[in-house]
Structures are given as structure tokens and as C-alpha cells.
Colleague: 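Following this message is one structure expressed as C-alpha cells.
Indexing begins at 1, ligand by ligand and atom by atom, following the structure's order. The model shown is predicted, which means the values in this text are computed figures rather than measured ones.
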Amino acid sequence: MKLENIQKDLKNILSGKRFHHSEGVARTAFHLAEKYGANPDKAFLAGWVHDCAKEFSLQEMQQIACENHLSADSILLSSRALLHGPVGSILAEEKYGIHDEEIKSAIYYHTTGHADMSLLEKIIFLADYIEPSRDFPGVEKLRQLAEKDLDRALLAAYDSTIAHLLDQGAYIYDLTFIGRNDLILKLKEKTNEKK
Ligand code: DGI
Ligand code: FE
Ligand code: FE
């Protein structure tokens, strides 16, 4: 499907605020991709589509997951916050005809990340966090860091999410910890190499 038609569909299925957020993620991801050497067009498309499943009910998400044989544990299957990424990646392919594995994976993992993230996955994860309409304490600092060091900005985003989840007494999904810990180890390796 052409981007123009994907945008039309998103306009119909997302709230105005979520649509605006998606555009912000697309533009921010395009910029980060140019800066860090990923494919800007892929980043732009992934940014637009990343939250396409966000406003479905849990039941609708579960149905799509089930019909498409999504391999998922019971925690993932019982949370809209966690399930909208994987279901969004199914819809990216089935509804919008996006077959690119890198784009699909960036959509799949945009909420939790995982170990060994690809450049495009990192960019979408971070763009989701810092796009212009995001407004939380510390976001400006994160935007500045994202201009200097992608991995350190990603780690700061993880830390802020995990701190927020702890504060809420929320369940923290395995991949969230795994993604963060993996990043810490990689950053340590990088620092040691420089010594
Ligand atoms: O979809 P967005 O609101 O643009 O952003 P998102 O997909 O990054 O996050 C969606 C929600 O998921 C957000 O409220 C934080 C939450 N979240 C992120 N990691 C975890 C999580 N919730 C739980 N329970 N556990 C996690 O590990
Ligand atoms: Fe999301
Ligand atoms: Fe988002």
C-alpha cells in the first residue's frame, strides 16, 4: 500500500493525538536514521505505522494475534501496552503490505526492545520516546543526548521507563530488562575498548 493510503487508514483508526504522535515519530526517526546511518525511508514508514494497533481493544488484539499464530506468552497476551507492538507488526504486513523484516521487527519491539537491537529498532524505540509532542520531565535532556549518542540515549529512555513502571507498581516484562541489561554490557565493552 502507498504511504498516502496508509496515512489515510491511520487517520481513520487512530485518535487525532495518536495520529499526530505517529507523524512525530516518523519525522524524528527519519532524522535519527540520517544521523546514524540507517535507511531514512524505512525509519519514516516504521514511525508512521508503529502504533497502528494501539487503539484496538485487548480482545481485538488477541484475535489478530491468534488468527496469525503469534507466538506469545500469557503476559504479552494480557496487556494492551505490551501487545500493540507485536500485533502492529502483523497488521503492517497483512493490512499495509509491508514485508520488510527490519521494519516489521522495529514495530514489533518498539515498546520493550530486546537484546542485540538493530539500528532501526533502536531508532524507532527512541523516536517514540522523544518525538516533539512528548512532554515529560527530562524529555529535553533525552533529545539532546539522542543527538550525541544513540545507545546512551536509549539507555536513558529504558531507565526512565523502568523507573516509571516501578513507581506505578507495574509488571516489568522480561524483554524490557533484557534489552536494558544487554545495552549496559555493550556500553561497558565500548568503554573498555577505548581504554
Ligand atoms: O504506544 P506509546 O504510548 O507511544 O509508547 P510505548 O509503545 O513505548 O509504550 C506503551 C506503554 O507500555 C507505556 O505506558 C509504557 C508501557 N510499558 C513499556 N514497557 C513495559 C510497559 N508496561 C509493562 N507493564 N511492562 C513493561 O515492561
Ligand atoms: Fe507504542
Ligand atoms: Fe508510540
Side-chain angles (χ1 to χ4, degrees), residues 6-7 9-11 13-33 43-58 60-62 64-65 70 72-92 96 98 103-115 117 120-139 142-143 146 153-184:
I6 295 176
Q7 286 163 334
D9 187 72
L10 291 172
K11 190 130 209 164
I13 62 169
L14 298 177
S15 68
K17 200 174 161 205
R18 179 69 47 188
F19 184 82
H20 185 63
H21 162 70
S22 303
E23 179 172 17
V25 176
R27 288 174 187 264
T28 306
F30 186 94
H31 164 70
L32 291 175
F44 193 69
L45 182 56
W48 265 109
V49 176
H50 81 287
D51 270 343
C52 68
K54 180 87 183 182
E55 288 173 11
F56 289 139
S57 68
L58 182 61
E60 287 168 320
M61 288 185 196
Q62 287 169 339
I64 295 166
L70 178 77
D73 58 40
S74 60
I75 300 290
L76 192 64
L77 279 174
S78 61
S79 157
R80 285 177 77 217
L82 294 173
L83 194 54
H84 79 279
V87 168
S89 109
I90 293 172
L91 293 178
Y96 302 129
I98 298 170
I103 296 178
K104 279 177 12 194
S105 183
I107 297 171
Y108 188 106
Y109 289 110
H110 83 265
T111 304
T112 61
H114 63 110
M117 284 167 82
L120 191 68
E121 287 168 349
K122 290 177 180 179
I123 284 171
I124 297 301
F125 186 107
L126 195 58
D128 191 18
Y129 227 83
I130 61 169
E131 61 92 7
S133 65
R134 288 285 198 209
D135 181 21
F136 56 86
V139 70
L142 219 58
R143 288 185 182 120
L154 195 65
L155 179 59
Y158 260 120
D159 286 353
S160 160
T161 297
I162 290 172
H164 174 74
L165 291 168
L166 285 176
D167 196 49
Q168 304 261 305
Y171 184 95
I172 301 178
Y173 192 58
D174 314 24
L175 281 180
T176 304
F177 278 133
I178 289 172
R180 185 210 180 240
N181 284 342
D182 177 69
L183 203 56
I184 298 247

Colleague: With a cutoff of 4.0 Å, is Asp51 in contact with ligand 1, counting heavy atoms of the residue only?
Modeller: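 Asp51 counts as a contact of ligand 1 under the 4.0 Å cut-off.
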Colleague: Run through Thr111, Leu82, Ile178 and flag the one making a side chain to side chain contact (heavy atoms under 4.5 Å, CB included) with Tyr173.
Modeller: Leu82
Colleague: Any protein heavy atom at under 4.0 Å, with atom 14 (O) of ligand 1 as the reference point?
Modeller: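 It does not; no protein heavy atom is within 4.0 Å.
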Colleague: Is His50 close enough to the Fe ion (ligand 3) to have an N, O or S atom under 2.8 Å?
Modeller: yes
Colleague: Give the residue and atom name of whichever protein heavy atom lies nearest to atom 16 (C) of ligand 1, and the separation in Å to one decimal.
Modeller: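 Looking only at protein heavy atoms, the one closest to atom 16 (C) of ligand 1 is Ala81 CB, 4.1 Å.
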Colleague: Under 6.0 Å between the ring centres of Tyr129 and Phe136?
Modeller: yes
Colleague: Hey, is the main chain of Ser160 close enough, under 3.5 Å, to the side chain of His164 for a donor-acceptor pair?
Modeller: no
Colleague: Main chain of Lys54, side chain of Arg80: is a donor-acceptor contact present, judged purely on distance under 3.5 Å?
Modeller: yes
Colleague: Would you mind reporting whether Tyr96 and Ile103 have side-chain heavy atoms less than 4.5 Å apart?
Modeller: no
Colleague: Under 3.5 Å, side chain of His31 to main-chain N/O of Thr28, donor-acceptor pair present?
Modeller: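 Answer holds: no.
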Colleague: Which atoms of ligand 1 have any heavy atom of Leu165 under 4.0 Å away?
Modeller: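 Once the distances to Leu165 are compared, the set is 19 (N), 20 (C), 21 (C), 22 (N), 23 (C), 25 (N), 26 (C), 27 (O).
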Colleague: Report yes if His84 has an N/O atom closer than 3.5 Å to an N/O atom of ligand 1; otherwise report no.
Modeller: yes
Colleague: For the residue pair Asp159 and Arg180, establish whether any side-chain heavy-atom pair is separated by less than 4.5 Å.
Modeller: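 A side-chain contact exists here, since the closest heavy-atom pair is under 4.5 Å.
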Colleague: Which of the numbered atoms in ligand 1 are under 4.0 angstrom from any heavy atom belonging to His21?
Modeller: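 Under 4.0 Å from His21, ligand 1 has these atoms: 4 (O).
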Colleague: In Asp128, what N, O or S atom is nearest to the Fe ion (ligand 3), if we give its atom name?
Modeller: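 Restricting Asp128 to its N, O and S atoms, the minimum distance to the Fe ion (ligand 3) goes to OD1.
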Colleague: Any N/O of Thr161 closer than 3.5 Å to an N/O of ligand 1?
Modeller: no
Colleague: Number the atoms of ligand 1 from 1 as they appear, then name those within less than 4.0 Å of a heavy atom of His110, with their elements.
Modeller: 7 (O)
Colleague: So, Arg18 side chain and Lys11 main chain: donor-acceptor pair closer than 3.5 Å or not?
Modeller: no
Colleague: For ligand 1, which atoms, with element, lie under 4.0 Å from some heavy atom of Arg134?
Modeller: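 Listed by number with element, the hits are 2 (P), 3 (O), 4 (O), 5 (O).
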Colleague: For ligand 1, which atoms have a heavy atom of Asp128 less than 4.0 angstrom away?
Modeller: 4 (O), 5 (O), 6 (P), 7 (O), 8 (O)
Colleague: Between ligand 1 and Arg18, can you find any atom pair, the residue atom being a heavy atom, that is separated by under 4.0 Å?
Modeller: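 It does; at least one heavy atom falls under 4.0 Å.
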Colleague: Does only the side chain of Tyr171 get under 4.0 Å from ligand 1, or the backbone, or both, or neither? Count heavy atoms.
Modeller: backbone
Colleague: Quick check for you: with the Fe ion (ligand 2) as the vertex, what angle do NE2 of His110 and NE2 of His84 span, to 10°?
Modeller: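 The NE2/NE2 angle about the Fe ion (ligand 2) sits at 90°.
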Colleague: Would one find an N, O or S atom of Asp51, in either backbone or side chain, under 2.8 Å from the Fe ion (ligand 2)?
Modeller: yes
Colleague: Who's the nearest protein heavy-atom neighbour of atom 27 (O) of ligand 1, and how far?
Modeller: Thr176 OG1, 2.6 Å
Colleague: Heavy atoms of the protein only: does one fall short of 4.0 Å from atom 18 (C) of ligand 1?
Modeller: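 It does: a protein heavy atom is found less than 4.0 Å away from atom 18 (C) of ligand 1.
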Colleague: For the residue pair Ala46 and Ile124, what are the closest heavy atoms and their distance?
Modeller: CB-CD1, 3.7 Å
Colleague: Ignoring angles and geometry beyond distance, decide whether Lys54 reaches within less than 3.5 Å of ligand 1 through its nitrogen or oxygen atoms.
Modeller: yes
Colleague: Please examine the side chains of Asp174 and Phe177, heavy atoms only from C-beta on, and report whether any two atoms are closer than 4.5 Å.
Modeller: no
Colleague: Decide if atom CZ of Arg27 counts as having more than 12 heavy atoms of other residues, nucleotides or ligands within a radius under 6.0 Å.
Modeller: no
Colleague: If we only count heavy atoms from C-beta on, is the Val87 to Gln62 side-chain gap below 4.5 Å?
Modeller: no
Colleague: Give me the nearest non-hydrogen protein atom to atom 9 (O) of ligand 1 as residue plus atom name, then the distance to 0.1 Å.
Modeller: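 The closest heavy atom on the protein side is Thr111 CG2, 3.6 Å.
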